[in-house]
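Residue numbers begin at 1 in each chain, while the letters A, B, ... track the order of the sequences. Hydrogens, waters and symmetry mates are skipped; everything else that's a heavy atom, side chains included, is used.
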Amino acid sequence: MKITINTKVYPLEAILNTCYVFIDRAYIFLSGNPGKGKVEISIKGKNKISSKQKEPLVSEFKNELLHCALRQQVSRNNKKIREYIIGRALFSMLPVAELTAGGGQEGYQKDSLGIASTWEEKYGKKKKFVRSKV
Amino acid sequence: MARKKSLSVVRFNTKIYKREAIKKTLSAYSSLADFILRERRDYIDVEIWNPVSQSGNILADEFSNYALGMVKKCR
């Protein structure tokens, strides 16, 4: 049995995925020119089946084709958010030292943020108040 | 030497079936028959000669199914 598929409606990727699903049940051969928007699929049942039994197989194939095309479209639409989620997940797995700037190689003695200094060192010099004459 | 009889010819469109996939299929099936590969501009013809088993008719179909699987794998 032969089916002709328009590749402008169903992309070749979806057609190949569908064929792959049916490989265990039928012999499938593709011909035609996908560049011109036409692919012919010949489906031959592995076991000898009557013409009545062929119809459900072909219908199932068409349904699966629709499913694969939709799945591909959803996958394409969600590509950015999927990459973002995976990126975030991988980023959170990094050790803390690599997340901070400088990679934690400075050491605690350098104290670039000035945390170790005392209050007197920071604010010790009192301002001289000049009394104004009233 | 007796002339071998050609069993069947399978014509693969190179826009659907990649060359690499067909060559991998050939190497997988090389023990089951003799194959002759003829490359054209848009097609690759695979001639199947001298199948090992009697179920030669199935061989061409199985060959094209395997090639389809390889196409998906190579993508």
Relative to chain A, which of Asn65(B), Asn13(B), Val71(B) shows the most heavy atom pairs under 4.5 Å?
->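 Most heavy-atom pairs within the cutoff with chain A belong to Asn65(B).
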
Would you say the side-chain atoms of Thr25(B) pair up with the backbone N or O of Ala21(B), donor to acceptor, closer than 3.5 Å?
->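 Between the backbone of Ala21(B) and the side chain of Thr25(B) there is a qualifying donor-acceptor contact (under 3.5 Å).
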
Would the number of heavy atoms belonging to other residues, nucleotides or ligands and lying under 6.0 Å from OH of Tyr20(A) be above 12?
->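 Atom OH in Tyr20(A) is not packed in, count stays at 12 or less.
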
Under-4.0 Å salt bridge between Glu13(A) and Arg76(A) |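 Salt bridge: no.
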
So, do Phe29(A) and Tyr17(B) have ring centers that fall under 6.0 Å from each other?
->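 Here the rings of Tyr17(B) and Phe29(A) have centres that are less than 6.0 Å from each other.
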
Residue part contacting chain B, namely of Ile23(A), when any heavy atom lies under 4.5 Å =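 When you check distances to chain B, atoms from both the backbone and side chain of Ile23(A) fall under 4.5 Å.
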
Does any heavy atom of chain A fall under 4.5 Å from the side chain of Lys72(B), the backbone, both, or neither of them?
->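 The side chain, not the backbone.
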
